[in-house]
*Asks:* 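There's a structure below that I have some questions on.
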Amino acid sequence: MVVAVCTAVLALVPASPALATQPAPGQARSSTPVDLDALFVGAHPDDEASTLSTLGQWNEEHHVRTGVVTVTRGEGGGNAVGPEEGPALGLLRESEERAAVARGGVREVFNLDDVDFYYTVSAPLTDQVWGGDTLEKVVRVVRQTRPEILLTMDPAPTPGNHGNHQEAARLAIAAFYAAGDPRAFPEQITREGLRPFAPLRLFTGGGRGTSQTGQDCAATFRPANPAQNVYGVWSGRTSASQGKTWAAIEREAQRVYASQGWAVFPDVPTDPARLGCDFFTQVDARVPFPEPGTAAAATPTAILDGALTRAAGAVPVGTLLGLRTSAFDVRPGAAFKIEVTATAPPREPLGRSAVTLRVPPGWQVSGSGDLGRLSAGRTGSATFTVTPGQDAPGRVRVAATLATEHGRGYTDRQVEVSPAVRAVQQPLPQVAQYEKWTGEVGVPQLGGLVTRVLTLPSGGSRQVGVVVTNVSDTTRSGTVAVDLPAGFTADRTEAPYRDLAAGASTTVPFTVTNSDPTLKTSNEGGDYAYTISVDGAVASRPALELVPATSVPQATPSVDGVAGDGEYPGPALDLSRLWEGTACSSAADCSGTARLAWGDDTLYLLVEVKDDVLGTRLPASDCKRHWRTDSVEVALDPRGGSENTSTTFKTAVLPVTAESDVAGSATMGPPCYERDADNRQGPGEQTAPGMRVASKVTPGGYTVEMSIPMKLLPGAVDPAHLGLNILVYDSDTQDKTGQTRIGWSTWGGVQGDPYRWGVATLPGYQPPPDRPTTPPDPVIPDTALSSLDSPQSLEQAVRVHVPPAGAPAARASESGGVVSATRGRDSVKVTLRASARGSAHLFVRDGQGTAGSRVVTVPGKGTTTVTVPLTRALTGEPRVVAGWQATGGGTAASQVTVR
């Protein structure tokens, strides 16, 4: 059983009146919002799918009630089951998510109604598109549902990590701290009646490290960063109620996401010994937790312990224990402070208590850990002075053990042992923004997770800046050196930094050249680590990533799908490298080459693909979401410096479409093209006027040829540095799912990473002088499904007493709702009562779903009767569910039975 600890959290913050969702006028006041034990925060439906094994175990064995916050409904994704897109696709994906998470015992899904747009790896772009109110909505849901445990995704810009996932994780992490702070979004407290609430433990999904499969997967996990706390829950346990492993149940749930092509996911192994753990990395905790490396840390309840469950010998649930350091960056020989605070549960004493500090060998500690006698609700604290020894730089763990008359507790925190001067490779813009965010939110332990990389064109040169920071308290001067691997040279191997003030940074530049252009590029071995040293000591190990490069000759081919003699005098580019999906079984299965030319301010490309099985032929009207079938994608970054694809040109060509002859039989139609995930998306004829495409399909493959007027690109082309990538999507099925992705510059998630695209030069080309170099503002999808138009969201809002869309509850003076519904022959008469003007979103529902709907504007205070037409006969026990949008911005939901 879960032990409720909500009252313990109240000791952290001042009390305020409890939330009561505003009822419709004339109805009884609704009850308190649902009280959750855990809450997962993700960006799209299916983001929680890899945690359902764990959530299901917790629910079945410990009655843990989990909810899911989904920032968007995934309207920007593909659709393998129908033509729906935009809000209609969002409604479909929400339905899939609710059905999927139910397999893991999760009933509540809180949609925040932010727009889902194309795949990007940019959290800054995501933040820009979602707007500034999303954190407020997450905090509101946390304060309403009061979960002890908060789970989320990876916030770091690791290669290929979806920018929406990064941003959702950052919102969850920020909400962990903001929700308990009465100064954060104070109007939620003063106007909405919410109370501050501080979750007790915070985790990101996954863990960097290695582990064995089988029931010892948690105990055998070895983190890449030994100071991180990573806990695992084995997926091979059998569900008592369902008679199969939780891994199998999770896979069944994942297959529910049919619109995303997940219905074809294979079965998991039937041998439990081949099944691994769901891993979770702890970011922070306000309560004691199992000590890493102990048997308690490898149990299925390790993540719950201290917050919801009590391990043998542990202090009572409701005990708070925290450790804070005066600095994250610490230096050998320089003292810093550690404060440990313990609070007894509100109704249970801890008795005589003391803390013992545990630090790495050779460190010095002074200070008393005596906390005195901790009666119920009482707090004690101890402050220690710690002086690090002469450790090598890196992350270490400082820990505290609490001993009381009623059990023991453990907590810890990471610190970074730093030399007096640090030196790191200049970060990419996304990495720099992320590192800044970790400092602003107060989670420096999440910094430094991304290896510093810079790309370099094969056979080319670039300037590499080394950022030198003085973290000592005196001015420093010294030398920075770079030790490059074979095949790379620099204009100098060392350079001085002079008179660098305490706390200041400077950038020391080096010009690096790939002197051996035969070295492998991309994910075939294109990561080349090297060493940066400062004052003779190794400071960091960043990497240079080689991307392919080409020179595009001048020519003017005919765009007819045929490689004519001499039309493309340049070299052929190899497109056969795998970057995602299942490897090609042979060159005949999937491989390709590309040739390029330029002429008359136009770029020409001819792509020849070997493909022994063609995927689904989509109608020309469905020429979008090209990754569902065979296609060729061309990505162009005009000046080779885009931070994300919103300032690039990306087009995809489907070599063949589906047409019907006069008898209705399917025939082979012409190619089609579109733009996706770039500066302006949509059908090619509208978004790329003047572009021409042609294709030839033959047994064993196809050829695609295209001409792209360079005026279509968002900005003038830099002929010395055009970002270029050519990617081939291969499908061997007829179910609108792709299996393999190959291309020229290949890395995971490369379609959203302009900095990892290859580089093309255009000798002799000069853009027109009046063509701007600054890209225009991007066109970003801005239409998302409103929760008021989702009957499932409204039904949940009624059931759990949490207003839809993460919005504030409509005030009583602005509220409205349905008070009665009467069945007619082919309609339902609905009576609404309102306190003020607003809009009502009405749905007639029965066991088969929605039988009628209508949106009406209520002119003002009073009673309004409207008729909702039915699209079919009603069955079972029908009802009307209503969503209310107040003019002041609040929402409400209500429901009545149809008489």
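FYI, side chains are in, hydrogens and waters are out, and symmetry mates aren't considered; it's all heavy atoms of this structure.
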*Asks:* Applying side-chain hydrogen bond (donor to acceptor under 3.5 Å, both in side chains), name anything that partners Lys624, two or more places apart in sequence or on another chain.
*Replies:* Asp622

*Asks:* Is there a side-chain contact between Leu727 and Arg741 (heavy atoms, below 4.5 Å)?
*Replies:* no

*Asks:* Output yes when Asp154 and Arg208 qualify as a salt bridge under the 4.0 Å nitrogen-oxygen rule, no when they do not.
*Replies:* yes

*Asks:* What's the verdict on salt bridge (charged side-chain N to carboxylate O under 4.0 Å, His left out) for Arg73 and Asp114, showing C-alpha distance, side-chain angles and the deciding distance?
*Replies:* CA-CA 8 Å; Arg73 284 182 174 81; Asp114 280 278; over 6 Å; no

*Asks:* If only side-chain N and O atoms count, and only distance matters, is there a donor-acceptor pair under 3.5 Å linking His44 with Asn164?
*Replies:* yes

*Asks:* So do Thr126 and Val129 actually touch side chain to side chain, heavy atoms under 4.5 Å?
*Replies:* no

*Asks:* If we ignore angles and hydrogens, is there a donor and acceptor under 3.5 Å between the side chains of Gln751 and Glu633?
*Replies:* no

*Asks:* Side chains of Asp630 and Ser731 only: does a donor on one sit below 3.5 Å from an acceptor on the other?
*Replies:* no

*Asks:* Using a 3.5 Å distance criterion without hydrogens, assess whether the side chain of Arg675 forms a donor-acceptor pair with backbone atoms of Thr687.
*Replies:* yes

*Asks:* Taking only residues two or more places apart in sequence or in another chain, which ones pass ring pair (Phe, Tyr, Trp, His ring centres under 6.0 Å) with Phe488?
*Replies:* Tyr528

*Asks:* Donor-acceptor pair, Thr651 side chain versus Glu674 backbone, under 3.5 Å?
*Replies:* yes

*Asks:* Say whether, by atom type as modelled, one donor and one acceptor occur between the side chain of Ser646 and the main chain of Asp678 under 3.5 angstrom.
*Replies:* no

*Asks:* Which heavy atom in Gly77 sits nearest to a heavy atom in Asp116, and how many Å separate them?
*Replies:* N-OD2, 3.6 Å

*Asks:* Any side-chain heavy-atom pair from Asn161 and Val121 closer than 4.5 angstrom?
*Replies:* no

*Asks:* Against the six-membered ring of Trp747, is Arg756 placed for a cation-pi contact (under 6.0 Å from the centre, within 45° of the normal)?
*Replies:* yes

*Asks:* With side chains defined as the heavy atoms from C-beta onward, is the minimum distance between Glu75 and Leu785 less than 4.5 Å?
*Replies:* yes

*Asks:* Quick one about Thr120 and Asn644 (side-chain donor to acceptor, distance below 3.5 Å, no hydrogens or angles considered), yes or no?
*Replies:* no

*Asks:* With a 3.5 Å distance limit and no angle check, can you tell me whether Thr602 reaches the backbone of Pro709 through a side-chain donor-acceptor pair?
*Replies:* no

*Asks:* Would you call Lys520 and Asp527 a salt bridge, using N to O less than 4.0 angstrom?
*Replies:* no

*Asks:* Can you tell me if Ser458 uses its side chain to pair, donor with acceptor, with the backbone of Ala549 under 3.5 Å?
*Replies:* no

*Asks:* Verify whether one side chain among Glu84 and Asn79 offers a donor that lies under 3.5 Å from an acceptor in the other.
*Replies:* yes

*Asks:* For residues 775-784, dump all side-chain donor-acceptor pairs below 3.5 Å to protein atoms at least two apart in sequence or in another chain.
*Replies:*
none

*Asks:* State whether a side-chain donor-acceptor pair under 3.5 Å links Tyr530 with Gln425.
*Replies:* yes

*Asks:* Between Val759, Leu454, Asn514, which is the residue that forms a side chain to side chain contact (heavy atoms under 4.5 Å, CB included) with Arg462?
*Replies:* Leu454

*Asks:* Heavy atoms, side chains only, cut-off 4.5 Å: are Val547 and Tyr755 in contact?
*Replies:* no

*Asks:* Give a yes or no on whether the ring-centroid distance for Tyr765 and Trp598 is below 6.0 angstrom.
*Replies:* yes

*Asks:* For the residue pair Thr645 and Trp757, establish whether any side-chain heavy-atom pair is separated by less than 4.5 Å.
*Replies:* yes

*Asks:* Flag the pair Pro155 / Ile173 as yes when at least one side-chain heavy-atom distance between them is below 4.5 Å, and no otherwise.
*Replies:* yes

*Asks:* With a 4.5 Å cut-off on side-chain heavy atoms, are Val109 and Val101 touching?
*Replies:* yes

*Asks:* When you check the side-chain N and O atoms of Ser122 and Gln430, is any donor under 3.5 Å from an acceptor?
*Replies:* no

*Asks:* Has the side chain of Asp47 got a donor or acceptor atom that lies under 3.5 Å from a matching backbone atom of Ala43?
*Replies:* yes

*Asks:* Kindly give the heavy-atom pair with the smallest separation between Leu654 and Cys623, and that separation in Å.
*Replies:* CD1-SG, 4.4 Å

